[in-house]
Amino acid sequence: MKTKVLWGKDLAQEVIQRVASQIKVLKTTVGRMPGLAVVLVGNDPPSQIYVSHKTRACERAGIRSLGHHLSSHTTMEEILYLIQRLNTQEEVDGILVQLPLPPHLNQSKILGSIDPNKDVDGFHPYNMGKLSLGEESIAPCTPKGVMALLDYYGIPVEGREVVVVGASNIVGKPLALMLVNRMATVTICHIMTKDLAIHTQRAEIVFTATGVPHLVKRDMVREGAIIVDIGISRKQGKIVGDADFQGLQGWARAITPVPGGVGPMTVAMLMENTLQAFRMRARTR
Ligand code: NAD
């Protein structure tokens, strides 16, 4: 079986161009371009890279990015004060706090302090609650990007047996909710799952988001399975995913590459979410 590679790079460019043309039109009626505040705390190198990707995407989409780079010693009071200010600033439509935060900061309190209408990462309990009810919301970018990728390649999930490996609040859980909202039969696995392979072997589509390099191997999935690899880690200086990409060639029906698969889609969905927030705020003005 020839394994199809599900690239996300070109689709992400298309999405950003579509967002840019919609912003061009909307800008004339609203009288300004959308604004995205990006809050980065500390000097974590991968976070700095992710923020620079997001800033570059903003330039292409016609979004004004407003960077706030805070020291790693920033206190809760300081960051909460900044978010309160951003919540009320007219020209700010979206607020993104780059994760992970330094351990002395209370992540859930910080994410919960963002105005849900400006919560372009979709991590606020209000937006997560809407997602779990299957109602329209600002949805987390990575799982939303996964769903957009499946739609683009014409891969339906309705009625299918799927497994999500990884149960974090920002990837695994919201992805599982999106899949169940689309009527897939969903199993969620995590670090305490006793025999991962029993579950992954049953799946028609395996989604993996653990950060464990090459966790999902050929003998753990059925022939013809589709593998959606969300993990990003470094192995011997190279960026790799959770799936053994080489070993799955000729066995899986399709697989997303790392890099170049889900990663670029995450950034594209952030641009879509910022446009969505801009539109919502323009409507209520
Ligand atoms: P996390 O550490 O918060 O969660 C990891 C999850 O994987 C947990 O639920 C844990 O129980 C599970 N897990 C860990 N080891 C496991 C194992 N051996 N077997 C089964 N489950 C296991 O991480 P996260 O923030 O959800 O990110 C997961 C991965 O996705 C990371 O590699 C991250 O870099 C990547 N990521 C990619 C994008 C993207 O745009 N492609 C976006 C966000 C995160």
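- Taking 4.5 Å as the limit, every side-chain heavy atom of Val258 sits out of range of all side-chain heavy atoms of Asp242.
- Between Arg222 and Glu204, none of the side-chain N atoms (NZ, or NE/NH1/NH2) sits under 4.0 Å from a carboxylate O, so this pair counts as no salt bridge.
- Within a 6.0 Å sphere centred on NE2 of His104, other residues, nucleotides and ligands contribute more than 12 heavy atoms.
- Taking 4.5 Å as the limit, some side-chain heavy atom of Met76 sits within range of a side-chain heavy atom of Leu105.
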| request: Applying side chain to side chain contact (heavy atoms under 4.5 Å, CB included), run through Leu111 and His124 and close with a yes or a no. | output: CA-CA 6 Å; Leu111 297 180; His124 190 284; over 6 Å; no
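- Counting heavy atoms of neighbouring residues, nucleotides and ligands inside a 6.0 Å radius, atom CZ of Arg253 does not exceed 12 of them.
- Using a 4.5 Å heavy-atom cutoff, the side chains of Gln89 and Arg85 are in contact.
- Shown are Val171, Leu179, Val165; of these, the side-chain contact (heavy atoms from CB on, under 4.5 Å) with Phe207 is made only by Leu179.
- Ion pairing between a basic and an acidic side chain is recognised when a charged N comes within 4.0 Å of a carboxylate O; Lys144 and Asp121 show no such pairing.
- Counting heavy atoms from C-beta on, the side chains of Val162 and Thr185 never come closer than 4.5 Å.
- Taking every heavy atom of both residues into account, Thr74 and Leu70 meet most closely at OG1-CB, 3.2 Å.
- Ser113 pairs with exactly one of Leu80, Leu82, Ile79, Ile95 by the side-chain contact (heavy atoms from CB on, under 4.5 Å) rule, that one being Leu80.
- With Ser65 contributing its side chain and Thr55 its backbone, the two residues share no donor-acceptor pair below 3.5 Å.
- More than 12 heavy atoms of other residues, nucleotides or ligands shown are found within 6.0 angstrom of CG on Asn106.
- Few gaps surround CZ on Arg60; more than 12 heavy atoms of other groups in view lie less than 6.0 Å from it.
- Environment of CD in Glu135: crowded, with over 12 heavy atoms of neighbouring residues, nucleotides or ligands closer than 6.0 Å.
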| query | Can Val206 and Val228 be said to form a side chain to side chain contact (heavy atoms under 4.5 Å, CB included), step by step? | reply | CA-CA 6 Å; Val206 176; Val228 179; over 6 Å; no
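- For the atom pair Ile227 CD1 and Arg218 CZ, the distance stands at 11.5 Å (nearest 0.5 Å).
- Shortest non-hydrogen contact noted between Gly62 and Pro34 is O-CD, 3.7 Å.
- Placement of Val92 and Met33 in two distinct hydrophobic clusters is found when ILVMFWY residues are connected by side-chain heavy-atom separations under 4.5 Å, directly or transitively.
- The two atoms that bring Ser72 and Pro102 nearest to each other are O-CG, 4.0 Å, heavy atoms only.
- Listed here is the closest heavy atom pair of Gly42 and His69: O-NE2, 2.8 Å.
- The closest side-chain heavy-atom distance from Thr142 to Ile170 is not below 4.5 Å.
- Side-chain atoms of Arg202 do not come within 3.5 Å of backbone N or O of Val221 as any donor-acceptor pair.
- Both Met178 and Ile226 are assigned to one and the same hydrophobic cluster, defined by single-linkage of ILVMFWY side chains at heavy-atom distances under 4.5 Å.
- Asp93 and Arg32 are joined by a salt bridge, as a carboxylate oxygen and a charged side-chain nitrogen come within less than 4.0 angstrom of each other.
- Side-chain atoms of Arg160 come within 3.5 Å of backbone atoms of Pro156 as a donor-acceptor pair (strictly under, hydrogens ignored).
- With rounding to the nearest 0.5 angstrom, the CG atom of Asp119 is 8.5 Å from the CG atom of Asn273.
- Here the closest non-hydrogen pair linking Ala167 and His190 is CB-CB, 4.1 Å.
- When the side chains of ILVMFWY residues are joined at heavy-atom separations under 4.5 Å, either directly or via intervening members, Val240 and Met265 end up in two distinct hydrophobic clusters.
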| request: Take Tyr153 and Lys4 through the side chain to side chain contact (heavy atoms under 4.5 Å, CB included) test and state the conclusion after the steps. | output: CA-CA 10 Å; Tyr153 284 103; Lys4 188 177 171 65; 3.8 Å; yes
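- With hydrogens and angles ignored, the 3.5 Å screen pairs a side-chain donor or acceptor of Thr3 with a backbone N or O of Ala252.
- Other residues, nucleotides and ligands contribute more than 12 heavy atoms inside 6.0 Å of the NZ atom of Lys217.
- Phe123 is connected to Val51 through a chain of hydrophobic side-chain contacts under 4.5 Å among Ile, Leu, Val, Met, Phe, Trp and Tyr, so both are in one cluster.
- One distance of note links CG of Asn169 with CD of Gln107; it measures 8.5 Å at 0.5 Å rounding.
- For the atom pair CD1 (Ile230) and OG1 (Thr256), the distance works out to 7.5 Å, reported to the nearest 0.5 Å.
- Under a cut-off of 6.0 angstrom, the local environment of OH in Tyr126 is sparse, with at most 12 non-hydrogen atoms contributed by other residues, nucleotides or ligands.
- Once rounded to the nearest 0.5 Å, the distance linking CD1 of Ile198 with SG of Cys189 reads 10.0 Å.
- To the nearest 0.5 Å, the span separating CD1 on Ile63 from CG on Leu270 amounts to 7.0 Å.
- Between Glu272 and Arg18 there is a salt bridge, since a side-chain N of the basic residue sits under 4.0 Å from a carboxylate O of the acidic one.
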| message | Val38 vs Leu66, test: side chain to side chain contact (heavy atoms under 4.5 Å, CB included). Steps then yes/no. | response | CA-CA 6 Å; Val38 180; Leu66 308 138; over 6 Å; no
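- For the pair Phe245/Val5, a side-chain contact is recorded, criterion being any heavy-atom separation below 4.5 Å from C-beta on.
- Within a 6.0 Å radius of CD in Glu158, other residues, nucleotides and ligands contribute 12 heavy atoms or fewer.
- Pairing each heavy atom of Leu11 with each of Ala148, the nearest pair is CD2-O, 4.0 Å.
- Applying the side-chain contact (heavy atoms from CB on, under 4.5 Å) test between Thr274 and each of Val19, Val120, Ile138 identifies Val120 as the sole match.
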| message | side chain to side chain donor-acceptor pair (under 3.5 Å), that's the test. Do Gln249 and Lys2 meet it? Break it down for me. | response | CA-CA 7 Å; Gln249 294 302 312; Lys2 184 152 168 36; over 6 Å; no
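- A donor-acceptor contact shorter than 3.5 Å links the side chain of Asn87 to the backbone of Asp115.
- Under the 4.5 Å side-chain heavy-atom criterion for ILVMFWY residues, a single connected hydrophobic cluster contains both Trp7 and Val262.
- A 4.5 Å side-chain heavy-atom check between Glu78 and His73 finds every atom pair outside the cut-off.
- A heavy-atom distance below 4.5 Å is not found between the side chains of Leu36 and Arg64.
- Distance alone, capped at 3.5 Å, places no donor-acceptor pair between the Lys54 side chain and the Gln98 backbone.
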